[in-house]
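Comments concern the structure below.
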Amino acid sequence: MSTDSQSQPASGAPAAPHHFIHQIVAEHVQSGRYGGRVGTRFPPEPNGYLHIGHAKSICLNFGLARDFGGTCNLRMDDTNPTREDVEYVESIRQDVDWLIGGWADDILALKRVGDTTGAGHLGKGSSVPLEPFYASDYFGQIYDFALQLIRKGHAYVCDLTPEETERYRGSPDRPGMESPFRNRTVEENLDLFQRMRAGEFPDGTRTLRARIDMTSPNIWLRDPVLYRIRHVAHHHTGTQWCIYPMYDFAHCLSDYIEGITHSVCTLEFEVHRPLYDWILEHLDLPKELPRQYEFARLSLGYTVMSKRKLLQLVQEKIVTGWDDPRMPTISGLRRRGYTPHALRHFCEMIGVTKYNGVTDASVLEFAIRDDLNRRSARVMGVLRPLKVVIENLPEGHEEWLEAVNNPEDPSAGTRKVPFSRVIYVEQEDFMEFPAKKFFRLSPGSEVRLRYAYILKCVGVVKDASGRVSELRCTVDPDSKSGGATAGRKVKATIHWVSAAHAIEAEVRLYDRLFSVEQPDSQEGKDFKSFLNPHSLEVLSQCKLEPSLREAKPSDRFQFERLGYFCADSRESTPGKPVFNRTVTLRDSWAKEQQKS
RNA sequence: UGCCCGAUGGUGUAACGGUAGCACAGCAGACUCUGGAUCUGUUUGUCAUGGUUCAAAUCCAUGUCGGGCAGCCA
């Protein structure tokens, strides 16, 4: 199969532009490097939940493997037991499965439970129990590589304290100084390193360091630490180890062990690349070496993307958890009602470069609207009810009107909605003193009730405080949808719900979490001082059409004229639904209002 | 005053020495029983200065601006 045909979407839609990493891989495949094979990996550290920035990396790594008939390993980059946890590995597994499901699940490579060789198996349709790869599965092999480096004179045990190590390292514009322990004999280094492993020394007293160049302009080449002592249990390896390899040492070797060909990471690792190569090149490694390539991480407007900051929001209970629908986490977006398809399309739209830009939040909103418009069933629900009594309808009047489920998809069919003498309409669809260009209800004006009659406002009832509490209206009996004068034009159509038939439900309106586009790059100010106080609004007495009573958790709908909503995956139950607003519909009336 | 990387409309990107294109956003209009969707049109751009070349967003030089690097974090 040609790589070209594989990289074309099946639909015949124009191919996504090939970014620079895609081009590099294409050249390698063409020239037969790595035997024409492509192996990528997605290597999160299990110290937090995945966010939409990880989604970009997932789409990149799985997409590359998919385009070239390769595989992508899901690997836990778990070399620091003090901050990692199984809760996170489970959430990562779930989020990845959800995001790539139906798109690249046959690209996902896992490994046999308990296997530590780095051999992968495709996750889909496997008959043996599989689990993600773990860098910690290679601690044995990585330890042996460390011994090899020592024997070759390329690594030494250093007794400098952390503070001293920092001092000896120098600074970016000033060379470092060599450690007094740099010239120990191979035998002494071997002995000391083995005793480090045996647990003879307390935390922080010794490290294993690469012997490179303390005067290098690249700080990461100034005898970087390869191993540190940590007498703590590891979530995956238990108490087998009290020394743990650093990222730089473990990552390139994990890539090598798994047969990764293209190791794709974000820009901040660019300066680590010489070290990645140095380690692999100073070991006796028979297989072709993996290479590292870097791209710009995603920044998205009106949110933050660092795991540290997201963790802070969770711990300080500013949000309800990692899956709070306002969070940019994959689990939060899922709970908010985002689809995997929309997220993938978003990742395709933003591209892959080495430029650190900020992606406009409207791109994400477009992606989800575009997808939900095609797929979601339309229903009617009134968020802020205003009672309407239709005076020319008899008491007890009831009829069931036909409504279209999805104008974008005729196969979705139709349903019946109940109509009666007392209905609710949206408060904001009525203005006692209509603004310019306001086409909806006002005293004496007419609107179309969606799928029903043309309604005329003939009276306004106010409560003691002067607030409009009820509308008195009449209906044009010939104007029923499909009826004699159904074609009569009125300026607006509004949604409604029959009072007698409505179900009452809680609806949560979400808005951006922050009120400025870049909350974490405001000079001298904490990102939390830019939280949007209106990021969540809970409406408890919304009136919804009765078909929604049995909505199942995670069911998605378009509430006509309002937006897309999704039954909450945690708190919604059939019979008592709770809805989250995923995103509003585009609203040109709101825009019009903002102008004035 | 170290090293590495980057710079194309408001935003994100494409163009690989040969007509600066796409998407989002914006604006204007058409259509519409969702002020949705759809359709049409449209404003706005190669960081600067030199050089190479018949021809430069693209190659070279210098400068400017932005990002990254001094964890026993990843």
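None of these values were measured; they are calculated from a predicted model. Residue numbers start from 1 in every chain, and the chains themselves are labelled A, B, ... in the order their sequence lines are given, proteins ahead of strands.
No contact: A:E592 has no heavy atom under 4.0 Å from any strand. Within 4.0 Å of A:L585, counting heavy atoms only, lies at least one base atom of the nucleic acid. At the heavy-atom level, A:R448 lies under 4.0 Å from base atoms of the strands shown. Here A:R230 lies in heavy-atom contact (under 4.0 Å) with a base. Among the protein residues, A:F269 comes within range of the nucleic acid bases, having at least one heavy atom under 4.0 Å from a base atom. Nucleic acid contact class of A:T353 (heavy atoms, under 4.0 Å, all strands): sugar-phosphate only. Residue-level contact check: A:E560 touches the bases, meaning some heavy atom is under 4.0 Å from a base atom. If you check every strand for non-hydrogen atoms under 4.0 Å, A:R374 touches nothing.
Under the stacking criterion of a centre-to-centre distance below 5.5 angstrom and an interplanar angle below 30°, A:Y247 is not stacked against the six-membered ring of B:rA74. Per the stacking criterion (ring centres < 5.5 Å, plane angle < 30°), A:F439 stacks onto the base of B:rG35.
Residues satisfying the side chain to side chain contact (heavy atoms under 4.5 Å, CB included) criterion with A:C252, sequence neighbours excluded, are A:Y276, A:I279, A:L280. Contacts of A:E87 classified as side chain to side chain donor-acceptor pair (under 3.5 Å), with partners at least two apart in sequence or in another chain: A:Y49. By the ring pair (Phe, Tyr, Trp, His ring centres under 6.0 Å) test, A:Y156 pairs with no residue at all, sequence neighbours left out.
Rounded to whole angstrom, the span from the CD atom of A:E294 across to the P atom of B:rC5 amounts to 10 Å. If you measure from atom CD1 of A:I219 to atom C1' of B:rC5, you get 16 Å, rounded to the nearest angstrom.
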One character per nucleotide, please: for nucleotides 24-29 of chain B, 5' to 3', B when the base has a protein heavy atom closer than 4.0 Å, S when only the sugar-phosphate does, - otherwise.
SSSSS-

Just the dot-bracket of RNA chain B, please: which string comes out with Watson-Crick or G-U pairs under 3.5 Å, [ ] for crossing, | for another strand?
.((((((..((((....[..)))).(((((.......)))))....(((((..]....))))))))))).....

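Here, B:rG68 and B:rC59 have their P atoms 25 Å apart, quoted to the whole Å. As rounded to the nearest Å, B:rC39 and B:rC24 have P atoms that lie 10 Å from one another. Distance check on atom C1': B:rU52 versus B:rA20 gives 22 Å, rounded to whole Å. For the P atom pair drawn from B:rA57 and B:rA37, the interatomic distance equals 38 Å after rounding to whole Å. Between B:rU40 and B:rU32, the distance separating the two C1' atoms is 15 Å to the nearest Å. Across B:rA30 and B:rA14, the matching C1' atoms stand 31 Å from one another, rounded to whole Å. Across B:rA25 and B:rG10, the matching C1' atoms stand 7 Å from one another, rounded to whole Å. Going from the P atom of B:rG50 to that of B:rU43 covers 30 Å, rounded to whole Å.
Both A:V352 and A:D248 lie near RNA chain B, and the one whose nearest nucleotide falls closer to the 5' end is A:V352.
Contact annotation: side chain of A:R440 to base of B:rG35, donor-acceptor pair present below 3.5 Å. In the interface, the side chain of A:E408 is paired with the base of B:rG36 through a donor and an acceptor atom under 3.5 Å apart. In the interface, the side chain of A:H272 is paired with the base of B:rA74 through a donor and an acceptor atom under 3.5 Å apart.
One N or O on the side chain of A:W496 and one on the backbone of A:R450 form a donor-acceptor pair closer than 3.5 Å.
Between A:F557 and A:F579, the ring-plane angle classifies as perpendicular under the 30° and 60° cut-offs.
Listed by residue number, the members of residues 298-312 of chain A with any heavy atom below 4.0 angstrom from RNA chain B form an empty set.
Distances were taken from every side-chain heavy atom of A:P172 (C-beta onward) to each of B:rG2, B:rC73, B:rG67; the shortest belongs to B:rG2. Of the listed nucleotides (B:rG6, B:rA37, B:rA74), B:rG6 has the atom at the smallest distance from the side chain of A:Y355.
Remark: A:R228 is in phosphate contact with B:rC73, judged by side-chain N or O atoms under 4.0 Å from OP1 or OP2.
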